[in-house]
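Working notes for the structure below.
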Amino acid sequence: GVVLNTLVGGWGGLKLSLFGAGVGLLLLLPFMLRNYLGGGGWKLAGTLGAFVGPGLLVKLLMASVFVVGVMFLLLVIYKGQLRETLRNVGRWVASLVGFHMPGLEVSRESLTIPYGVALAFTVVLYGIARSLGWIA
């Protein structure tokens, strides 16, 4: 991404590419350090930022949050854990409202969505939507 943008845009392209990579890596660094996000998804965000720049990257990252949500919901339904998940969400919300940590009654499911897959799928959806003229 850095080389391509430098060849196409000169110094301005280099600056935009490095800034995009930095934004992608820095925005997701806290999530990676807390093990909410794997290193692959983190590096993909940096690479994507180097290709598209910071403006579009932030939009793609925000859209990917919704893609992750849909993927998680589909996975929960597929695994037959919708009721348990909704119960857990209710308990978490109650603990937030009551300003206390949730108790042991909140189960820790082992359902995970690889963020890199969700981000890549978001890029594909963006490309399709743009080619169809739905977004500029």
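Remember, predicted model here, so these are calculated numbers, not experimental data.
Between the CG atom in N5 and the NZ atom in K15 there is a gap of 13.0 Å [rounded to 0.5 Å]. To the nearest 0.5 Å, atoms CE (M32) and NZ (K43) are separated by 9.0 Å. In this structure, the separation between CZ on F51 and CG on L4 is 6.0 Å, given to the nearest 0.5 Å. Between atom NZ of residue K59 and atom OG1 of residue T122 there is a gap of 15.0 Å, rounded to the nearest 0.5 Å. Atoms CG and CG, from L44 and L119 in turn, are 4.5 Å apart once rounded to the nearest 0.5 Å.
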Test side-chain contact (heavy atoms from CB on, under 4.5 Å) applied to L73 and T85, step by step:
CA-CA 9 Å; L73 180 62; T85 301; over 6 Å; no

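V2 belongs to a hydrophobic cluster whose other members, connected by ILVMFWY side-chain contacts under 4.5 Å either directly or through intermediates, are W11, L14, L18. Counting Ile, Leu, Val, Met, Phe, Trp and Tyr side chains that sit under 4.5 Å apart, directly or through other members, V124 shares a hydrophobic cluster with I128, L132, W134.
Residues F66 and V70 do not share a hydrophobic cluster, defined by chaining ILVMFWY side chains whose heavy atoms lie under 4.5 Å apart. When hydrophobic clusters are built by joining Ile, Leu, Val, Met, Phe, Trp and Tyr residues whose side-chain heavy atoms come closer than 4.5 Å, directly or via intermediates, V68 is grouped together with Y36. Follow the hydrophobic side-chain contacts under 4.5 Å out from L74 and you never reach L82; the two are in separate clusters.
Partners of L125 by side chain to side chain contact (heavy atoms under 4.5 Å, CB included), not counting sequence neighbours, listed by chain and number: V67, F121. Under the side chain to side chain donor-acceptor pair (under 3.5 Å) criterion, S17 pairs with no residue, sequence neighbours left out. With sequence neighbours left out, L57 forms a side chain to side chain contact (heavy atoms under 4.5 Å, CB included) with V23, L48, V52, L61. In terms of the side chain to side chain contact (heavy atoms under 4.5 Å, CB included) criterion, residue partners of V117 (sequence neighbours excluded) are, by chain and number, M71, P114.
In this structure the side chain of L16 reaches within 4.5 angstrom of the side chain of P54, judged on heavy atoms. Residues Y115 and L28 meet the side-chain proximity criterion, which asks for heavy atoms closer than 4.5 Å.
More than 12 heavy atoms of other residues, nucleotides or ligands lie within 6.0 Å of OH in Y126, so this atom counts as buried by the packing criterion.
Side-chain N or O atoms of W42 include none that pairs as donor or acceptor with a backbone N or O of L37 at under 3.5 Å.
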